[in-house]
2 protein chains.
Amino acid sequence: MATIRDVAREAGVSTATVSRVYNGSSLVTESTTQLVMEVAARLDYWPNSAARSLITNRTYTLGVVLPDLFNEFFSEIIRGIDHAARARRYQIILSCFHDDSRELIAMAKSMRGRIDGLIAMAPDAGSAKVIANISRHFPVVLLNPGFQTKDCSAVSIANYDGARALTRHLLECGHQRIAIVKGPARNVDAEERLRGYRDALSDAGVNSDPSMEILGDFRQESGEQICADILRIRPRPDAVFATNDYMAIGLQSALLAHGVRVPEDIAIAGFDDISLAGYVNPSLTTVGIDAYGLGAKAVRRWFSDSGAGGARTQQEILPARLIVRHSCGGSRIDRISEEHQSNEQSGGSS
Amino acid sequence: MATIRDVAREAGVSTATVSRVYNGSSLVTESTTQLVMEVAARLDYWPNSAARSLITNRTYTLGVVLPDLFNEFFSEIIRGIDHAARARRYQIILSCFHDDSRELIAMAKSMRGRIDGLIAMAPDAGSAKVIANISRHFPVVLLNPGFQTKDCSAVSIANYDGARALTRHLLECGHQRIAIVKGPARNVDAEERLRGYRDALSDAGVNSDPSMEILGDFRQESGEQICADILRIRPRPDAVFATNDYMAIGLQSALLAHGVRVPEDIAIAGFDDISLAGYVNPSLTTVGIDAYGLGAKAVRRWFSDSGAGGARTQQEILPARLIVRHSCGGSRIDRISEEHQSNEQSGGSS
DNA sequence: AGCGGGGATGTAAACGTTTGCACAAGGATG
DNA sequence: CATCCTTGTGCAAACGTTTACATCCCCGCT
């Protein structure tokens with residue numbers, strides 16, 4: 001592989017000149033530039049970014065660390081991150097982790113020297129110290145942290161508000177016994193959605209009932225499997241809030257297969273507004289969140305933080321939006337958390 | 001930020017020793033190791049991977065370049081790549097591109113020095129020369145190339161076989177006038193699926209009819225919009241093969257909304273077997289492909305190629321599987337392309 | 001006691017860039 | 001004509017590691 005020295009020798013100039021050509025320095029004569037470019041093309045010279053970033057201390061790369069859950073929600077986040085990063089000519093290096101905050105810091109360490117900063121979804125509140133440590137090495141922006149932190153900026157989805165508004169909507173539709181299908185334990189989104197549900201119930205003077213809280217894992221199979229559990233509850237619930245759309249759709253499908261009518265016998269609501277939520281039958285009442293926007297905003301936040309005098313401790317919340325379709329009766333489309341609505345371009349996920 | 005020199009000085013040893021500790025050299029005394037680790041922890045020393053890979057010429061990172069289409073198909077591919085890479089302790093650096101093979105080479109260039117190899121989905125046949133050039137710099141494995149190449153290995157999905165088998169199934173169900181909703185122009189998967197459809201028709205002695213070939217873009221909105229076009233065709237088709245599930249579900253939903261019965265009036269079939277295909281109503285007959293396996297296998301292929309005496313020109317095809325559900329009538333579940341079935345672990349996507 | 005060998009550590013040269021500084025040449029200025 | 005900028009280029013020192021080679025020390029053998 002040709003190096004900058006080969007190009008320099010072949011072109012009869014110094015490596016400094018070649019470097020200047022590649023960095024668009026204005027100090028190089030037109031004819032020298034031409035010559036260097038020509039030789040570089042002939043030698044098929046590709047600059048080595050590792051060497052470059054070793055000396056400049058810039059990598060033009062962002063690390064991205066997400067949980068190992070690949071559904072449409074995550075692919076949209078990544079898409080948002082990728083687009084926003086590309087707009088600034090940054091690349092992203094992606095890693096997924098399972099649970100552990102030890103694993104998180106190992107990943108951050110292994111990225112040292114190859115990234116300028118990190119966009120991460122923290123596993124749980126226990127990782128706060130780890131995050132603090134990492135952000136001493138480079139700027140970090142957290143996605144949906146389940147905890148308060150003064151060590152870095154964060155961008156969140158209004159999980160709590162969304163779940164609460166959705167539950168309130170179910171109550172307003174006249175449902176009394178509302179069950180919930182929770183997400184995986186220790187998952188921050190899952191916890192916040194559960195909290196919103198409970199608070200909406202207690203606001204309405206309804207006691208939350210542990211037997212109405214069923215554990216799921218955010219995959220549609222789990223929604224399907226849970227059907228039996230739902231039908232076993234006595235007295236039978238008249239509505240179920242599945243904390244994501246995949247589970248809601250799995251559950252709805254299983255209920256219909258058991259001859260239970262939706263929404264007449266049992267109403268179903270989901271969360272996320274995945275692209276197919278409007279296309280199932282009955283179409284799914286859910287809470288729309290802007291996963292693309294979440295990713296994109298995190299990246300923009302990172303750039304603001306990294307600029308001169310960046311705050312580095314900004315906390316933003318993206319609004320969630322109640323989307324009323326047919327799986328609960330009703331047809332109202334409503335917006336919540338408008339007060340948090342930003343005026344930035346959302347970038348337009350589907 | 002502490003460097004290896006700081007640690008060495010503070011511990012009263014040479015940088016070589018610190019380096020040896022970090023690389024697990026057996027030549028270091030237990031007590032020295034202890035000391036170095038302790039100092040490193042105290043100084044919060046994180047080794048710089050750029051410097052490391054500059055001298056070792058290894059990055060333990062794979063580049064991944066995919067089209068900018070983020071649906072479940074792509075997120076599964078990425079998941080497969082990530083898992084297989086992580087199993088070898090490799091990281092991935094992800095980039096998406098739009099169309100251009102110029103963009104593809106620009107990305108590959110910008111990754112020089114930061115990756116050991118590349119997993120890429122080539123934009124179109126025109127990029128063959130670009131691929132050849134890139135693979136002179138590091139090993140490349142292509143996903144679903146639309147062209148023959150002797151410059152690198154490739155792993156493909158049996159798009160053609162799958163589409164052909166599906167079309168044959170529609171014919172066997174008694175459908176005569178089968179329309180197709182194509183994918184985006186110049187998309188390799190889309191082209192292969194179209195080819196399979198046409199060949200199945202001509203095998204059956206049916207002329208393919210240009211007015212029955214409608215352009216889509218792989219998104220469910222496009223399936224919905226196309227509904228009107230379908231209903232305008234005279235005589236009306238009695239089956240529609242939408243070349244991915246998103247479009248199929250969008251179309252099905254729109255047809256139902258127009259009072260057209262599925263499958264009685266018009267049968268619908270899709271492609272990909274996304275996780276929700278079995279949960280819509282009627283459930284979708286489709287072709288199952290293992291996107292997770294595609295990504296994982298590409299990575300494993302890369303590792304075989306990079307080993308001593310790696311072939312670097314292996315071509316593999318992953319089988320597609322006809323999945324008969326209710327959107328076309330019938331209920332048979334069938335496997336095709338068994339002859340291509342590999343005996344490797346598929347890795348188990350959902 | 002002398003010698004050889006091997007185990008632990010240090011020295012210093014790489015890896016491929018960027019960039020501060022020096023320098024040469026030429027043109028403008030006094 | 002001497003001086004001073006300006007412009008283009010080269011020299012060489014960094015950046016933070018790894019690793020071949022040298023060195024030193026200690027132990028066991030003859």
Side-chain angles (χ1 to χ4, degrees), chain A residues 1-40 43-61 108-116 137-138, chain B residues 1-40 43-61 108-116 137-138:
Chain A
M1 296 296 97
T3 73
I4 199 172
R5 267 190 275 270
D6 300 324
V7 177
R9 183 173 0 94
E10 193 79 5
V13 299
S14 70
T15 61
T17 300
V18 178
S19 171
R20 279 190 273 256
V21 167
Y22 268 81
N23 291 291
S25 163
S26 57
L27 293 167
V28 189
T29 315
E30 179 63 21
S31 65
T32 313
T33 302
Q34 290 277 333
L35 173 63
V36 168
M37 293 299 249
E38 188 189 303
V39 172
L43 265 46
D44 201 19
Y45 165 63
W46 291 17
N48 183 312
S49 326
R52 192 193 288 241
S53 58
L54 180 58
I55 185 123
T56 58
N57 220 14
R58 305 284 323 254
T59 63
Y60 297 95
T61 304
K109 274 193 184 183
S110 75
M111 290 180 177
R112 170 80 218 282
R114 338 178 63 188
I115 61 176
D116 294 335
H137 288 263
F138 31 66
Chain B
M1 298 294 97
T3 73
I4 199 172
R5 268 189 274 269
D6 300 323
V7 176
R9 184 173 0 93
E10 193 79 5
V13 299
S14 72
T15 60
T17 301
V18 178
S19 172
R20 279 189 275 255
V21 167
Y22 268 81
N23 291 292
S25 163
S26 57
L27 294 166
V28 188
T29 316
E30 179 63 21
S31 64
T32 312
T33 303
Q34 290 278 331
L35 172 64
V36 167
M37 293 301 248
E38 188 190 303
V39 172
L43 266 45
D44 201 20
Y45 165 63
W46 291 17
N48 183 312
S49 324
R52 191 193 287 242
S53 59
L54 180 58
I55 185 121
T56 59
N57 220 16
R58 305 284 322 255
T59 63
Y60 298 96
T61 303
K109 274 194 184 182
S110 75
M111 290 181 179
R112 169 81 218 282
R114 338 179 62 188
I115 61 175
D116 295 335
H137 289 262
F138 31 65

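Each chain gets a letter, A, B and so on, in the order its sequence line appears, and its residues count up from 1. Values in this document were obtained by computation on a predicted structure and should not be read as measured data.
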Please report the closest heavy-atom contact between Ser49(B) and Ser110(A), naming both atoms and the distance. OG-O, 3.2 Å
Rounded to the Å, how far apart are Arg58(A) CZ and dT19(C) P? 11 Å
I'd like a table of donor-acceptor pairs (distance under 3.5 Å, sequence neighbours excluded) in which one partner is a side-chain atom from residues 8-21 of chain B, with atom names and distances.
residue	atom	partner	partner atom	Å
Arg9(B)	NH2	Asp6(B)	OD1	2.8
Glu10(B)	OE2	Arg42(B)	NH1	3.3
Ser14(B)	OG	Ala16(B)	N	3.4
Ser14(B)	OG	Thr17(B)	N	3.4
Ser14(B)	OG	Thr17(B)	OG1	3.4
Ser19(B)	OG	Asn23(B)	ND2	3.3

Quick one: label Asn57(B) by what it contacts on the DNA or RNA (base, sugar-phosphate, nothing), any heavy atom closer than 4.0 Å. nothing
Let me test you: for the helix from dA1(C)-dT30(D) to dG30(C)-dC1(D), what is the angle between the axes at its two ends (five pairs each), rounded to 10 degrees? 60°
Considering non-hydrogen atoms only, spot the tightest contact between Tyr45(B) and Thr3(B) and give its length. CE1-C, 3.5 Å
Minimum heavy-atom distance between Arg112(A) and Pro47(B), given as atom pair plus value: CG-O, 3.2 Å
Does Ser53(B) have any side-chain contact (heavy atoms from CB on, under 4.5 Å) partners at least two apart in sequence or in another chain, and if so, which? Ala50(A), Thr56(B), Thr59(B)
Which atom of Ala40(B) lies closest to which atom of Tyr22(B), heavy atoms considered: CB-OH, 3.3 Å
Going 5' to 3' through nucleotides 8-16 of chain D, assign each nucleotide B (protein heavy atom under 4.0 Å from a base atom), S (under 4.0 Å only from sugar-phosphate atoms) or - (no protein heavy atom that close). SBBB--BBB
Going by ring pair (Phe, Tyr, Trp, His ring centres under 6.0 Å), name the residues that satisfy it together with Phe138(B), two or more places apart in sequence or in a different chain. none
Partner residues of Thr32(A) under the side chain to side chain donor-acceptor pair (under 3.5 Å) criterion, sequence neighbours left out: none
